[in-house]
There are 2 protein chains.
Amino acid sequence: MAQRSQELRDALEEEIVNGVFGAGVRLDEQELARRYGTSRTPIREALMQLSAAGLVEIRPRRGAIAAVPDAQRLMEMFEVAAEIEAMAGRFAARRWTPADKDQLLAAHDACRARANEGDADAYYYENELFHEAIVAAGHSGFLQEQCAQLRRRLKPYRRLQLRTHNRVPASFAEHEAIVAAILAHDGEEAARLLRRHVLVQGDRFADLVASLPQLAGAASARKTSSGL
Amino acid sequence: MAQRSQELRDALEEEIVNGVFGAGVRLDEQELARRYGTSRTPIREALMQLSAAGLVEIRPRRGAIAAVPDAQRLMEMFEVAAEIEAMAGRFAARRWTPADKDQLLAAHDACRARANEGDADAYYYENELFHEAIVAAGHSGFLQEQCAQLRRRLKPYRRLQLRTHNRVPASFAEHEAIVAAILAHDGEEAARLLRRHVLVQGDRFADLVASLPQLAGAASARKTSSGL
DNA sequence: CCGGGAACTCTTGTATACAAGAAAGGCCTT
DNA sequence: AAGGCCTTTCTTGTATACAAGAGTTCCCGG
């Protein structure tokens, strides 16, 4: 059973990632403590963890602010995410086992079902499982953690992408090719396809940025100075 | 001027990364507080940050233990590090500016000088700058941070590698090819070369593991913190 | 002689008290 | 009236006090 400070960390992360706090908003410890019905101590511990994860910036003696990424940084994150997923695909192509194959195909079929229904939100969920299946087939716990962390931070922006551009049919078609490459043990091809697949969302990102005032004006979100 | 808890975070990170605490050793808050001449509060906040960074594991109500990676995980980390550096190379090949080129060549020349002197430790230092120059040329602040974080954690193992296998001449030769590929804007080639370059250290890692009893048997929690 | 359980101890988790720096606002000077 | 300095207040950072769960030990029963 997680301690209070861990629950708070998750709750705060959720709120920050979902943009409940605007870019650069000050996170007052007392206010948060009141809001969550606890003392400042667990709040501080949660903020420390989030600071290490890059979700908040802590300026000594001057409080914590939500480190909402600006457009530039978001692009960089998408770019890295694409490469990391590609890496996972390369690993998966080399190392998949029959069990991994079953998982992958099951996830792929689930995507097909949701795609045919045309439900973007449902597809998004199955899409996540599909990508997780690829990562799992890579058999690298460390890579899995890195993926999960990055994915959590990009989650709201990704979901937005799928919905606004109605990418679902194209996304599913790309999945088809990715599965084929992985099962054929063609790591390079799988990596290339995955890179493009994930990056498409970032490529069109410039359009999205223009439509999101909160992002366009996010000049105050600065690089995290956390050494971690 | 960093706060106490930030200094403590760095100090503890340093000690953990350098293996002052053996694998799985319990980090007693009171003891650490005594040792650093402070109260438990900043210690706890430092541990929280390190937990988010993956350097310690916090088990609820049961204290924190040093999360020293075992051989398997270390391999995974090397593997991911290799891919990430490769990614940086691909970016660099696409985006380098004349200033980046100067930096890269300067770092490369410094490596040459140290390699000719045959000083492995000095070479190791310049080698780090060389790789940092590549990452910088990729012009992605996010990637830069990811690299820095991973590199810090692998640092002690990497240095060990260069010294024990006398890889310096080979390493420098590989640098030569990498520089050429980047300056020729050949991202794929740069990535391929970098992946191999970094991974060599991991490939031979099995040998190293066998020679380090503290790693080979790291599954059990031992109190001998006098290691290395 | 060994296993189970209850009391005890020790550590962690949380709240509160206190110290010290930062922001804000008023007052005095020019 | 404007600008700078001082004071005041508010927030963060650290220490300590307290609560509660986990581990340990020791006794008792089988």
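Lettering follows sequence order; numbering is per chain, from 1.
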R26(B)/E31(B) salt bridge by N-O under 4.0 Å criterion = no
query = Does T38(B) have a side-chain nitrogen or oxygen under 4.0 Å from the phosphate oxygens OP1 or OP2 of dT14(D)?
reply = no
request  = Report yes if a side-chain nitrogen or oxygen of Q30(A) is closer than 4.0 Å to either non-bridging phosphate oxygen (OP1 or OP2) of dT11(D); otherwise report no.
outcome  = yes
ask   = Roughly how many Å is it from CD1 in I58(A) to P in dT11(D), rounded to a whole number?
value = 17 Å
query = Could you state the CZ-P distance from R4(B) to dA19(C), rounded to the nearest angstrom?
reply = 19 Å
ask   = Can you find a side chain N or O atom of S5(A) that sits less than 4.0 Å from OP1 or OP2 on dG13(C)?
value = no
remark   = Atom CD1 of I65(B) and atom C1' of dT12(C) are separated, to the nearest Å, by 15 Å
inquiry  = Under 4.0 Å between a side-chain nitrogen and a carboxylate oxygen: does that hold for E85(B) and R195(B)?
reply    = no
Any R26(B) side-chain nitrogen or oxygen under 4.0 Å from OP1 or OP2 of dT12(C) = yes
ask   = Does a side-chain N or O from R62(B) land closer than 4.0 Å to OP1 or OP2 of dT12(C), or not?
value = no
inquiry  = Please determine whether a side-chain nitrogen or oxygen atom of S39(A) lies at a distance below 4.0 Å from atom OP1 or OP2 of dA15(C).
reply    = yes
query = Contact class for R61(B) (heavy atom, under 4.0 Å): base, sugar-phosphate, or nothing?
reply = base
ask   = How many Å lie between CG on L47(A) and C1' on dG13(D), as a whole number?
value = 13 Å
task = Tell me whether the centres of the aromatic rings in H108(B) and F130(B) are closer together than 6.0 Å.
result = yes
message = Distance check needed: dT11(D) C1' versus R59(A) CZ, whole Å only.
response = 12 Å
Interatomic distance, Q6(B) CD vs dT12(D) P [rounded to whole Å] = 15 Å
ask   = If you measure from the Lys or Arg side-chain nitrogens to the Asp or Glu carboxylate oxygens, is any gap between E13(B) and R152(B) under 4.0 Å?
value = yes
request  = State plainly whether the residues E145(B) and R73(A) are in salt-bridge range, i.e. N to O under 4.0 Å.
outcome  = yes
message = Looking at dT16(D), I'd like to know if its phosphate oxygens (OP1 or OP2) sit under 4.0 Å from a side-chain N or O belonging to R40(B).
response = no
